Peer 1: 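First the structure, which I've put down as structure tokens, then a few questions once you've had a look.
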Amino acid sequence: MKHCTRRVRSLKVVLLAFVALFCCVPFVADAAPKFSLKLGHAVAEENAYHYGALKFKERVEAKTNGDVHIDVFPNNQLGTGERDLLEGLQLGTVDIYVGSTGPMGGFEKRFLLFDFPFLFKDKKHVYSVLDGEIGQHILSLLDAKGMRGLAWMENGFRNLTNAKRVINGVSDVKGLKIRTMENKVHMAMWRNLGVDPTPMAWSEVFTALQQGTIDGQENPIPVIYTSKLYEVQKHLTLTRHVFSPAMIVVAKAAFDSLPEEYRKIFEEAAQEAALYERSVCDKMENDFIDDLKENGMEVTTPDLAPFQEACKSVYEEFRGELGEDAKLLDQIIAAGKE
Ligand code: PAF
């Protein structure tokens, strides 16, 4: 009898376990998220940013058991370009930004540190700075601007494209009308090379190239390929004139509204997503040169020394603007020699 009661009890436990499994699990999965956030970026779904954004979404949603939901909006759906998306973070129309630091100097001038021409030698140099003290310090400056910088991703080394001619040297770029980001160091660099720099939101660039209102633009290989610029640009010059860092940034108001454990999850997920995005971007930078050639682009690699020489005065021009932080520029240069 005793034996029988024990058996009934075990049966009850098994039944309860079944009820819990088949009733509660769907209930948890269907539960509405407690936080719903909008992530925006400016480029195509084939670009490395999008892979990074999806990885961030996946990690956050998994680690919060669905309590936080993130919708990803590619292709400038939440703004006309990166400056607009960053303003959206401050205005509350965008919660999370994945994108370059290009327009950031307009929000916090010390971001201009990364915009100097031919500053970074290679990616080892880049990440010794971004993942080190300087990079973490610069990211932390965003707090005072209503944003929380979570991690460094990448856009890649920027290269010149144009529809007019093959570029073999500095004299060939003279007189070209080139779209730049809204960034005064970049613009000064192009002016020094005899180019007419035309800042423009990214959403307008393809049409401007197609209509011939500008002759060219400059961007990393993954952007050039995934934005199909080969349809409107014949010449690609591997100038690698600026390394373009990218970031995951959260609107401070949205970040502060999360419980502390979720803020920690955001930080961890951002690191994971950033490492993943860097590897995707790096692979694209190597692989897509051949794809661009196959799509009709003529690719040249001129001697970059004369370009570097012509851009030297940009350093003196903007040191003053950085004030005391100009010493960080020297530290970045020194890190490249280690
Ligand atoms: O040129 C730009 O505006 C940026 O490099 C882009 C394409 C939006 C990616 O960050």
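Remember, it's 1-based here, ligands and their atoms both numbered in the order they're listed. Atoms considered below: every heavy atom in the structure, side chains included; atoms not considered: hydrogens, waters and symmetry mates. The structure displayed is predicted, hence computed values, not measured ones.
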Peer 1: Return yes or no for this condition: an N or O of E82 is under 3.5 Å from an N or O of ligand 1.
Peer 2: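 Among all N and O atoms of E82, at least one is under 3.5 Å from an N or O of ligand 1.
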Peer 1: Pick from I221, L160, L304: which one makes a side chain to side chain contact (heavy atoms under 4.5 Å, CB included) with L238?
Peer 2: I221
Peer 1: Using a 4.0 Å heavy-atom threshold (strictly under), name the region of M200 that reaches ligand 1: side chain, backbone, both or neither.
Peer 2: neither
Peer 1: Tell me yes or no: between the side chains of N162 and H235, is some donor less than 3.5 Å from an acceptor?
Peer 2: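 Per modelled atom types, N162 and H235 side chains form no pair under 3.5 Å.
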Peer 1: For D67, is there an ion pair with K34 - N to carboxylate O distance below 4.0 angstrom?
Peer 2: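 Looking at D67 together with K34, the answer is yes, because their closest N to O distance falls below 4.0 Å.
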Peer 1: Tell me if the aromatic rings of F120 and F157 count as close, with their centers under 6.0 Å from one another.
Peer 2: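 No, the ring of F120 stays outside the 6.0 Å limit from the ring of F157, centre to centre.
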Peer 1: I need the nearest protein heavy-atom contact for atom 5 (O) of ligand 1: residue, atom name and distance, please.
Peer 2: N219 OD1, 2.6 Å
Peer 1: Answer with yes or no whether R158 contacts ligand 1, where contact means a heavy atom under 4.0 Å from a ligand atom.
Peer 2: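 Yes, R158 has a heavy atom closer than 4.0 Å to ligand 1.
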Peer 1: Out of the candidates L176, N168, V170, only one should pair with D172 under the side chain to side chain contact (heavy atoms under 4.5 Å, CB included) rule; please name it.
Peer 2: N168
Peer 1: I need the atoms of ligand 1 closer than 4.0 Å to a non-hydrogen atom of S100, numbered in the order shown.
Peer 2: 10 (O)
Peer 1: As an exercise, identify every atom of ligand 1 less than 4.0 angstrom from a heavy atom of V223.
Peer 2: 7 (C)
Peer 1: Does a donor on one side chain and an acceptor on the other come within less than 3.5 Å for E45 and N47?
Peer 2: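 The answer is no; no qualifying pair exists.
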Peer 1: May I ask you to identify the nearest protein heavy atom to atom 1 (O) of ligand 1, giving residue, atom name and distance to one decimal place in Å?
Peer 2: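 Ranking protein heavy atoms by distance from atom 1 (O) of ligand 1, first comes R179 NH1, 2.6 Å.
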Peer 1: Heavy-atom contacts under 4.0 Å between Q217 and ligand 1: side chain, backbone, both, or neither?
Peer 2: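 It is neither part, as no heavy atom is under 4.0 Å.
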Peer 1: Using 30° and 60° as the class boundaries, would you call the ring planes of F118 and H241 parallel, tilted or perpendicular?
Peer 2: perpendicular
Peer 1: Give yes or no for whether the N/O distance cutoff of 3.5 Å, strictly under, is met between N155 and ligand 1.
Peer 2: yes
